[in-house]
Structure formats: structure tokens, C-alpha cells
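Everything on this sheet refers to the single structure shown next.
Worth saying up front: this structure is predicted, and the values here are computed from it rather than measured. When reading the values below, keep in mind they use all heavy atoms of this one structure, side chains included, and skip hydrogens, waters and symmetry mates. Numbering of ligands and ligand atoms starts at 1, following listing order.
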Amino acid sequence: MNPALVRQAVGDVQAQWLVIGILEQEGGGTEPLGIAAVDPLLKRLADDKEITGAVGELTTLHEVAGVKARSVLLVGLGRREKLDAQAAFTAGFSASKRLSGKPRESVAVVPPAIPFPTLAASALIEGLVVGAHGPGLRKSESSRHPFGSLAVVIGADPEAAFEREWTSACGRGRIVGQAVNFARDMANLPPGDKTPKVLAEAFQTEAIAAGMTAEIWDEARIREEQFGGLLGVAAGSDEPPRFVVLDYRPHTNGPTLALVGKGVTFDSGGLCLKPAASMEDMKCDMTGAAVVAAAMAAIARLKLPIQITGYLPITENMTGGKAMRMGDVLTHRGGKTVEVLNTDAEGRLILADALAYAAEHKPAKILDLATLTGACMVALGPKVAGLFSNDDGFRDQVAAASRLTGERVWPMPLDDDYKEQLKSHVADMKNVGGKWAGAITAAKFLQQFVGVTPWVHLDIAGPSWADSDSPTRDAGATGCFVRTLVALVERAAGEVSDSR
Ligand code: BES
Ligand code: MN
Ligand code: ZN
């Protein structure tokens, strides 16, 4: 879907559906739109308490007098002073999810003619793009239909139209929304259809289409490079592992950001087999890798002036005859040895190699994303990611970017005494701590491989997946933190180019 800007009086827009954003008013009712054809009707509906303008509220109207469009969908954006990227995304998503349930030739969206806060206008477009794309990848009849055309109507008055803002929002919103959909598609794919080879090639294809370079290591290369963790986890699967390196280098010098993503295409738990109910969603265990690939593709398409390298270890965690056993010891990239005392703590084993390898290249910062622990969901619930860091400044930057998009994170401690739980009698470390603080001991394990590089770890086990369907969210993969990574890099790139 390619949103195009249209400057026209709202009543004159010839579209099958006109989506009008409305704002909740202090003391009840909705703010008038300044549209003569609609305002009296809006007032009556608000007086009758039929509409409130709450975020994501949908009201359909047909044959509205003075409006040429066949039908109108009012969508609530909430209170003007609370209008942020999260509210705008949710509003765009719910309108689009509703309308894309059937094929629609033409949809036109009318945002309220007010200045939108940073990222909110783009987020509205992102929501429209993401809401028209569902999880039903293998349905024999598609249940979601992208619109024939999508217009953003900014009214005829050049003074109050915010044309420049909406032009850039349309471009950015489409790119970011499509990146979110790419990450969702990868995570929603059935696990048998995304073997490490297939997934690596899908990331490579997307990277090249976005103007990056992508290198795929096969099993022989992974062995040569001594990635003992990735090989250990892959040993139980008939499918050989892959390691993908994505490079976005718009200029040849300057600091590099390293992004690392967990790419477990299916996590059975290995010999420490998961119970069936816990295994149901484990095709999503490659969300970290997909989010890195998707965000980098968006960043490359937006041509942001920053250097990024993505490192994606990809494997299945299975129970084959060659599977790693409890008590086996793996030697990671860089030489550290790890005693495997739970084969289901596999994410940290493959990330260890990737983080060590990333750190060797001396990036300015390393950020990893991983569906790492159920313990993080116990701590923070299913919608909030755990935020771990060895660097207060970098941690604050990531938290600030997440506040801009509304994708939620919460800081977790990383004190050194948590490391004691990882002591092994036979190797440098074991791969699990004890009963308590499972998300923190996992992060503490990862920290051993980044050295002194400023590093952030996001445990996205909760937000990567939605168990249930709702008008404001689809069930299944969420593509979480693609939007936040783009916002983070935009801000960092702004700092870089400002200082030049
Ligand atoms: N992929 C899982 C974590 C996970 C759980 C992601 C739920 C998404 C939803 C990870 O590999 C895992 O199995 N972690 C174990 C660690 C334990 C064995 C120390 C867990 O959380 O139980
Ligand atoms: Mn596991
Ligand atoms: Zn896992």
C-alpha cells in the first residue's frame, strides 16, 4: 500500500471509504473538525453518547450529507494533549483492520488539522499499513485485503494543512509499516517452512532489495569460525545452521552500531523438551533476528546516515540423535567454555558466539534483541520488554526511543552478584542460573561476551507474540521494536549529522 497525499476539501473526496480521525474533548464530546458537512452530525452523535473519540473507537456512517465518499469511518485518536505515536498507531491499525476485512477500491484518511507530535503522523500511517496485513499467511482465502488506493487528505487550506509533515509521514510510515509486516511474516511463517537456510535467504533477499549487503555463512564456515554455541544447538536438528551478517554502510567511516538478533526457527527445548503448551508458539523464537533484519531494511530505505552491522545466528533447537546433552561443554567464539545444564536455554548459547564476534569488530555499541526467557514474562507480563545494559547512557537512549513509539520496555538490574549463579565446576560457566531472576541471569550470561562495549539487551519474549486477537491488535507475531529501532537510529543519526 502506497499512501499518497491529496489536498482537497473533505466533502469533495471521491473514495469508497473516508476515514476521519476525531479527538476526544475535555469535559466530554469530540472536538469539532472544522468540516461543515460533518461537524453537526458529530456533535449530535457525541451528545447522544454514541461516540467519545477514545483511541481506536470506530463508528461507521453511510451516505453522509455533504460528503461525496460513499461511507465514512470515524476513528478515535483520544485526547489532543495525549496524542502520541502509540495512540496514532492504534487508531490507524484499528481503522485499517476493520476496512481491510473486505476488498476496498479506495480509502482516504483525514487526520485532524493539528500539528502532530514527532513520529505520531508517521505512526498513523504505520498503523494503516500494519492493520491491513494479517497473520493468515496460509489461509486458502485471504482474510485481509490491502486497499486499492490509500490517500491521506490534508484539506484545501494551505495554511493549516501541514503538507511537509504529512508528505514525510507518508514516505516514512509506509517504509516502517512494511518493515513491521516483514518481521511479522517471518515470525508467523510455519516453522517447517523457515528452515535456517530458507530464513537466512529471506533476510538476504530483503537486505539486498533495501540496498544493503548480506553474507550467509554455511555450517562449514560456522565451524571454521569456531561458533561452538551455534553448532551445539544445531546438532539436534537435521537442518544445518546459518549465520547472517548484514551490512549497511552509507559512508565508509564513522562509528558502527552492531545489532544482534536471536534466530531460533523453532524451539522444542531440545532434550530438556518443552511441554506441548509451551511449544505452541515457539516458531516465533526467531523474532529478534527478524526484527533486526526488518529494522535495518527500513533504515537503509530511509537512507539514514549511520553505519550498522547486523549479526544473526539462525538454527533450530531439536532433539535428534546428535543433540547436545546435559553436561556437554561447548567452546564459544573467543574461547570461553560453557557447561550445558539445560538444553532449553539455547538462545544465550547462539547469542554468545554472535556477541563475541560482534565485539571483536569494535562497534561503538551493541544492541541485541532476543525472545530469551519466560522469566522475563513472569517479571513484566506479556507486553513489556526487559531492558538490560552495562551502560547508563545507552540504556537511556533506548528507553527514550521506546517512549517515542510507545513500545514498552522496563529497566532491569544487572549487578555482579547475579553472575554467581552461573558458576560451573567443570567449565568457565554453566548456561543456567538457579530458580530466581531467570531473565537477569540470562542477561548476565550474555554480558560475559560483549567485553567493555556499551551494550543493551532487550528480552522480547513477552511482546514478540500476541495470544489473542482484538480490534487494536492481531493475534500472532507483533514485529515489536522495529519501530523503536528506527526511532533510535534516527535520533543517533541526527546527533551524528548535527555534530558535523
Ligand atoms: N525461547 C524461550 C523463551 C521464551 C518463552 C520465548 C516464552 C517466548 C515465550 C527460551 O529459549 C527458553 O526456553 N528459555 C527458558 C530458559 C530456562 C531453561 C533457563 C525458559 O524461559 O524457560
Ligand atoms: Mn529454549
Ligand atoms: Zn528459545
Is there a side-chain contact between Leu355 and Trp455, using heavy atoms and a 4.5 Å cut-off? yes
How many N, O or S atoms of the protein are nearer than 2.8 Å to the Mn ion (ligand 2)? 4
Any carboxylate oxygen within less than 4.0 angstrom of a Lys/Arg side-chain nitrogen, looking at Arg325 and Asp328? yes
Check Glu126 against Val176 and note the closest heavy-atom contact, atom names and distance. CD-CG1, 3.7 Å
Please determine, by modelled atom types, if Ser468 and Arg473 share a side-chain donor-acceptor pair under 3.5 angstrom. no
Relative to the Zn ion (ligand 3), how many protein N, O or S atoms have a separation of less than 2.8 Å? 4
Using a distance-only test with no angle check, is there a side-chain donor-acceptor pair under 3.5 angstrom linking Glu201 and Thr205? no
Run the side chain to side chain donor-acceptor pair (under 3.5 Å) test against Ser143 and tell me which residues pass, sequence neighbours left out. none
On the six-membered ring of Phe394, is Lys365 placed so that its NZ or CZ lies under 6.0 angstrom from the centre and within 45° of the ring axis? yes
If we check ring-ring contact (aromatic ring centres under 6.0 Å, His included) with Tyr311, which of these qualifies: Phe203, Tyr357, Trp217? Tyr357
Any salt bridge between Arg395 and Asp392, counting N to O under 4.0 Å? yes
Which atom pairs, nitrogen or oxygen on both sides, join ligand 1 and the protein at under 3.5 angstrom?
from: ligand 1; atom 1: 1 (N); to: Lys262; atom 2: NZ; distance (Å): 3.3
from: ligand 1; atom 1: 1 (N); to: Asp267; atom 2: OD2; distance (Å): 3.2
from: ligand 1; atom 1: 1 (N); to: Asp285; atom 2: OD1; distance (Å): 2.9
from: ligand 1; atom 1: 1 (N); to: Asp285; atom 2: OD2; distance (Å): 3.0
from: ligand 1; atom 1: 1 (N); to: Thr371; atom 2: O; distance (Å): 3.4
from: ligand 1; atom 1: 11 (O); to: Lys262; atom 2: NZ; distance (Å): 3.2
from: ligand 1; atom 1: 11 (O); to: Asp267; atom 2: OD2; distance (Å): 2.9
from: ligand 1; atom 1: 11 (O); to: Asp344; atom 2: O; distance (Å): 3.1
from: ligand 1; atom 1: 11 (O); to: Glu346; atom 2: OE1; distance (Å): 2.8
from: ligand 1; atom 1: 11 (O); to: Glu346; atom 2: OE2; distance (Å): 3.0
from: ligand 1; atom 1: 13 (O); to: Lys274; atom 2: NZ; distance (Å): 2.8
from: ligand 1; atom 1: 13 (O); to: Asp344; atom 2: O; distance (Å): 3.0
from: ligand 1; atom 1: 13 (O); to: Asp344; atom 2: OD1; distance (Å): 2.8
from: ligand 1; atom 1: 13 (O); to: Asp344; atom 2: OD2; distance (Å): 3.2
from: ligand 1; atom 1: 14 (N); to: Leu372; atom 2: O; distance (Å): 3.4
from: ligand 1; atom 1: 21 (O); to: Gly374; atom 2: N; distance (Å): 2.6

For Thr405 and Thr484, test the side chains for any donor-to-acceptor distance below 3.5 angstrom and give the result as yes or no. yes
Can a donor-acceptor pair be found between the side chains of Asp285 and Thr371 at a distance below 3.5 Å? yes
Would Glu239 and Lys197 pass as an ion pair if we require N to O under 4.0 Å? no
Looking at Asp415, I want to see if its CG is surrounded by more than 12 non-hydrogen atoms of other residues, nucleotides or ligands under 6.0 Å. yes
